[in-house]
Every structure is written in C-alpha cells, then in structure tokens.
Amino acid sequence: MTSLTVLAAGPATSIQDAGRFGWQRYGVGPAGAMDRLSLALANAIAGNPPGTGAIEFALAGGRLRVEGGPARVSLAGADCLVKIDGATVAPLSSVTVHDGQTIEVGAARSGMFAYLAVAGGFALKPALGSLSLHHRTGVGGLDGRALRAGDRLLLKLQEPAGQDLALPSSPPAGSGPMRVVLGPQDDYFTPDAIRTLAENPYTVSDQADRMGLRLRGPKLDHGAKGYNIVSDGIPTGAIQVPGNGLPLILLADRQTTGGYPKIATVISWDLPRLVQCRPGTGLRFAIVDRGEAVRIAKAEDAAFRKLIATIRPAGLAGFDSSELLALNLIDGVVDARH
Amino acid sequence: MSADHPVVRFLPCGDGAVTVEFGTKIDPALSARVLALDAILDAERPAGFIEAVPTYRSLMVQFDPLAFDYEAFESRVRALVAGLDPAPKPGRRWKVPVMYGGKFGIDLEATAERHGLTPSQLIDKHAAPAYRVYMIGFMPGFTYLGGLDPAIATPRRLDPRPHTPAGIISIGGIQALIGGQAMPSGWHILGQTPVRTFMAGRDPAFLTAAGDEIVFVPTPADRWDALDRAAAAGEPVAELVTP
C-alpha cells in the first residue's frame, strides 16, 4: 500500500479535515482545519472534495517520504516552500511524488497553518465521524495524537488517477478589519467596551494556539451584571472576555461550553484570515449585523467557488477570457468589503 | 424570569449559530424546555442545520449560513415556545459508584469541616439526591448536575488545581460534576468514580446525556482496582436502572 512516512514534523502537526460535528452536546469540540479555506484549496488542487483530511502544519514544516507507490500531493495556506528531493515545486500546484522520494515542507515564511493534501486522502479510521485531531482531548488524528517522526500514514489510493492540477493565480489575500457580530452576551458589557472593541487596535499575543487567540490591547469592561454567566454554548470565533477584561477568541479546539460572557463573534468568512495571524500581528474589529454577515458569507463563497473553478491541469499555458473575467470579479468582491 | 411564562431571546453567535435563551438561572423547568426544543429540532432538522448544543438554560443552534433560513427558524421557535413542556421528562437513571475521601477525594475532609459536618455526613448529603444531568460540556463527558443539597453548596476554590484526574466527583457553587478527563479544576473534589463517561472506541462512546438522572453509590475504596479494570476494558460499571 502507498504510504507517507513522517521523517520530521513540528510539535503541532496533525491530521485535520472539515471538523467533527454532532458531538458538542457531549463536550466534544469540532476541531478541524483552523483555516478551512486553505484546506479546501489544497484538496481542490489535489482533486479531492473540500473537507478531505489533510496534514495541518503549524508554523514549523516537516519532511515525509512516499513509499510503496506514487502519491499526488498539494499544499495551500501559510506560505511554505515545498521541495521534492530538493527540487522546488511551483506553489498551488499538485505534484506526483514517486516511491522513495522525499517531500519537504519548509517552515512558514508568513502565516501560521498550511495543509498538505494527498489525492484520495488518508486511509485512517474516523473517530466520531471525523479524522480531525482535537489536541487536548486526544480524539481523532493518528492514535489520538499529533504526528511525529516514524509515523506511517497509509493512503486510500495505491496510485492517483488523472493528472496534476494547478490554480493559475494566487487566492486574493484578504485585508481590513475582522468583522464581528455582537453577541451572544454583549449586554454584559458597558457601551464603552463595545466602542473600545470597534475602535481600538489589538495585538495577537504569544498565547495563540488551536484552542484560541488571546489578544493584547485595551480592556473590555463588564457592566453591572458582572463576568459570570451560567455556562452556555460557545460558537467558533466567539470573543470571550474573562474577569481580567482581555479578549480571547475561541477557535477549533475550544471547550464546548463556558461561563464567561462573549461580547461578539468573528464572522465565519474572516476566521481563516484571523487564524493565519501570527503572535504580534495587529488586528482591528468592525461590527456588522447578522444579515450583513450572511451576505458576506454568500458573496465570498461564490467568489471562492469561481476561484476553485479556475483550477486546471498543471503546466497548461494561458487562460481564456472568461477565466480572466471571473478572476476580476473575485477581486471586485474582495475590494468591495473594505 | 418566570418559568411559567416563557420568553425566549435569540442571542446572535455570528453568522453560523444562534443561542436560544430561555432564562439566566439554573432551573429544572428551563432545562426541560431546552431539551424539548432540542428534541423537536433534532426531529425536524431544517435545511442547513448542523447541530444543537443544549446547556442549562439555552440551546445553541449551529447552522450553515449559506443554506439556513434564519428568519423562518426564529418564527418556528417562537411558535413552539409556549407549547414546550416545563416538566422534566423522566430520563435514564444511572447508579454511579464513587470512592469518597482519601486519595480519591482530597477535599472531602476540608469541605465537611467547612460545613460543620463529619466526612460521612457530607458523603450522605452528597449521595442522597437523584441528580439531573443539565448538560455535558466543556470537554468530552464532563457531566454537569443539578440537585445538590444547598446546605453543602461551596464556592469554587480561588486557586484552581492545574491537574485533576479523570472521573473526579466534585462540587462547585450549587453545581455537582462528574469529570470526564484529566483537566485543571477549581472545584472541590469529594471522590472519584471508575466510570468513564467518555471512552473513544467504546460503543456507546458516551454514557450520560442531558436529561439523565444520576445517583451516586458510596463504594469501598478496595473495589477501585477491579472496577477501574472493568471500566478500562469498556464496561460501563455504572448501572442503568431505568432504560
């Protein structure tokens, strides 16, 4: 059987797919790719459905050897140089790697999380319906843990069908403030706190991992109702504010419930951009209402689908005019939101 | 907020979720309504629905913003609210063995002393009620219970312990808990159970669910090894009294 053997990996390298849903009622958080768009992109370039399990690299890179047959791999997300037996691979392209060859994923030059997808996916047994590792609880992944040297990951395909693919142009890099919808507990904060969140810069602190990002910046003051609530559900992207007033944005490996008020929630489409921010990155927030957040999600999803539709066989020269038009439209959508 | 005249609030959770809040207190009638709405949504599964997370007093509903008709959902819930039964439905009842005190319950003596009780009086008070499972939350299998005798309610510790083992039986404020996994905790540890509320790979992976009842059975410390081995091998060890 074709496999990838891990020769070296950073400490938080893990298998992640679109996440584990339906189990939060038992205390099991969704886990899943921190940057679901980059996961989808890596998979699309490998010819896979968007949520197929891939290897998530966090800042550090790694090395893997293909054994037993060829494998088609692709990488998207944080900017990492990929080399096959020392030869650099074009970015946003899949490449067929042969038995005995080594894939080297360099440390991220910018961004945090990169995804190495393999055509057909990994032959791993899902835990509670998902391959995603939840790091703190040991649910999912390979034997409930992060990847390390010596691990052998079997592939579903003995050899890939079809051909290598490429995305002709880089996905547009988003910019501008992180958009949030107030709630679920914005009524636990003073009007000043809401203004502070909307008007002041924050910085991603060193306490940033798959569970959440702790921010540095002005404190957000709780109102007369205090800072304890009877524990309720925590959505992905919730900005939780404990007694010290410093916001913590809860992410894929978060706890499912909590007893601190949550002032606002980062909209789904800005989460991939948020999680790619390294410690020290400055952030601003902008408040939008729920309806606007849904409109953004629909417009951005349509633009992302158009981008995916431009993927074609690698090495194919030139574009036709309809694709160029499609790319311009995407840029238009992205620009319109600033 | 009166439990007799339910008023729900829809608390936005970004574009992909909403919390339907029935009240702000720990109250069996609120919990019953949460679970009743949860059951209806689970049966109806509107387009774009992903999952719902029942907690003490609210239901967080998670959905795909591209496929979910939010306005229709809110109308539907408003129409349902008045008809939700505030009487807790009888759930499954589990008898859970607990080794109290000693190395299993390092806070038993201090907590008893705090309330002017002997350790065995505290054990009697803690093991007397049939607790209601209000929610499973925080981390896998953490089983949050209502029904603690207010006479032994104990504010949480000021200095949480960085590590507590799986299966701790603890109290914090007016709540009682069966811990699911090793975790930091600021609650008072009265005992430990060999029961694994969560065990990956076991069928079922989770023993307890919101709406269940829990009765603690004080169990001699010398039975720990045998029960712990059985639990590690995948046996429930907890006894299901009413299926």
Side-chain angles (χ1 to χ4, degrees), chain A residues 19 21-30 125 127-128 134 136-140 144 179-187 225 228-239 255-259 262 264-271 288-298 301-302, chain B residues 9-21 23-27 30 34 38 42 50-62 64-66 68 70-71 134-144 172-173 175 180-183 197-198 200-201 204-210:
Chain A
F21 295 98
W23 301 95
Q24 289 184 76
R25 63 178 53 241
Y26 296 108
V28 182
K125 192 170 164 234
L128 304 175
H134 190 288
R136 290 212 299 173
T137 60
V139 176
R179 289 154 300 182
V180 302
V181 177
L182 289 178
Q185 278 97 28
D186 49 313
D187 58 341
K225 290 199 273 189
N228 286 294
I229 61 169
V230 174
S231 291
D232 71 352
I234 299 177
T236 302
I239 305 178
Q255 62 274 38
T256 58
T257 62
K262 299 168 283 292
T265 311
V266 178
I267 68 171
S268 59
W269 208 270
D270 283 346
L271 287 172
V288 297
D289 65 21
R290 202 196 59 79
E292 176 63 11
V294 173
R295 280 190 291 278
I296 292 166
K298 287 182 174 167
D301 179 69
Chain B
R9 296 171 72 211
F10 293 84
L11 312 179
C13 297
D15 53 333
V18 64
T19 291
V20 183
E21 187 191 70
T24 56
K25 302 262 188 299
I26 298 176
D27 173 344
L30 294 178
V34 169
D38 179 44
D42 189 54
I50 295 174
E51 66 180 302
V53 186
T55 55
Y56 285 101
R57 57 188 176 94
S58 61
L59 186 69
M60 186 178 82
V61 178
Q62 197 177 337
D64 173 2
L66 303 175
F68 192 72
Y70 180 81
E71 280 71 28
Y134 277 112
M135 68 174 196
I136 316 290
F138 184 57
M139 286 286 165
F142 274 68
T143 303
Y144 288 82
Q175 299 174 63
Q181 296 192 311
M183 274 294 148
T197 52
F198 165 59
F206 299 91
L207 288 186
T208 51

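All values derive from a computational prediction rather than experimental measurement. Proteins come first, then strands; the chains are lettered A, B, ... in the order of their sequence lines, and each starts at number 1.
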Next item on the list: Step by step, work out the side chain to side chain contact (heavy atoms under 4.5 Å, CB included) result for A:Gln255 and B:Phe142.
Entry: CA-CA 11 Å; A:Gln255 62 274 38; B:Phe142 274 68; over 6 Å; no
If you take all heavy atoms of [X] and [Y], which pair is closest and at what distance?
X        : Y        : answer
A:Trp23  : B:Glu51  : N-OE1, 3.2 Å
A:Val294 : B:Pro65  : CG1-O, 3.8 Å
A:Leu128 : B:Ala205 : CD2-CB, 4.2 Å
B:Phe138 : A:Thr257 : N-OG1, 2.8 Å
B:Tyr56  : A:Ser231 : CD1-O, 3.8 Å
B:Thr55  : A:Gly233 : CG2-N, 3.7 Å

Next item on the list: Mind ranking A:Asp187, A:Val230, A:Val181 by heavy-atom pairs under 4.5 Å with chain B and telling me who comes out on top?
Entry: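 Most heavy-atom pairs under 4.5 Å with chain B: A:Val230.
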Item checked: Choice from A:Pro184, A:Gly291, A:Gly138 maximising heavy atom contacts with chain B below 4.5 Å ->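 With the most close heavy-atom pairs to chain B, the winner is A:Pro184.
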Notebook entry, point to check: Picking from B:Gly141, B:Gly16, B:Ala52, which has the most non-hydrogen pairs under 4.5 angstrom with chain A?
Noted result: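 Most heavy-atom pairs under 4.5 Å with chain A: B:Ala52.
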Next item on the list: Look at B:Ser58, B:Ala200, B:Pro54 and state which one has the largest set of heavy-atom pairs under 4.5 Å with chain A.
Entry: B:Pro54
Checklist line | A:Arg25 with B:Asp42: basic N within carboxylate O range, under 4.0 Å | finding: no
Checklist line | A:Gln24 and B:Ile50, any side-chain heavy atoms less than 4.5 Å apart | finding: no
Next item on the list: Evaluate the side-chain proximity of B:Phe198 to A:Thr137: yes if any heavy-atom separation is below 4.5 Å, no if none is.
Entry: no
To the nearest 0.5 Å, what is the distance between [atom1] ([X]) and [atom2] ([Y])?
X        : Y        : atom1 : atom2 : value
A:Arg290 : B:Cys13  : CZ    : SG    : 11.0 Å
B:Met183 : A:Arg136 : CE    : CZ    : 5.0 Å
A:Lys262 : B:Leu11  : NZ    : CG    : 9.0 Å
B:Met139 : A:His134 : CE    : NE2   : 5.0 Å
A:Thr256 : B:Met60  : OG1   : CE    : 8.0 Å

Residue [X] versus chain B: region with a heavy atom under 4.5 Å:
X        : answer
A:Gln185 : side chain
A:Ala297 : both
A:Asp301 : side chain

Item checked: Residue list, ring-ring contact (aromatic ring centres under 6.0 Å, His included) with B:Tyr70, at least two apart or on another chain -> none
Item checked: Partners meeting ring-ring contact (aromatic ring centres under 6.0 Å, His included) with B:Phe68 (sequence neighbours left out) -> B:Phe63, B:Phe73
Toward chain A, the part of [X] with a non-hydrogen atom under 4.5 Å:
X        : value
B:Ala17  : side chain
B:Ala182 : neither
B:Thr197 : neither

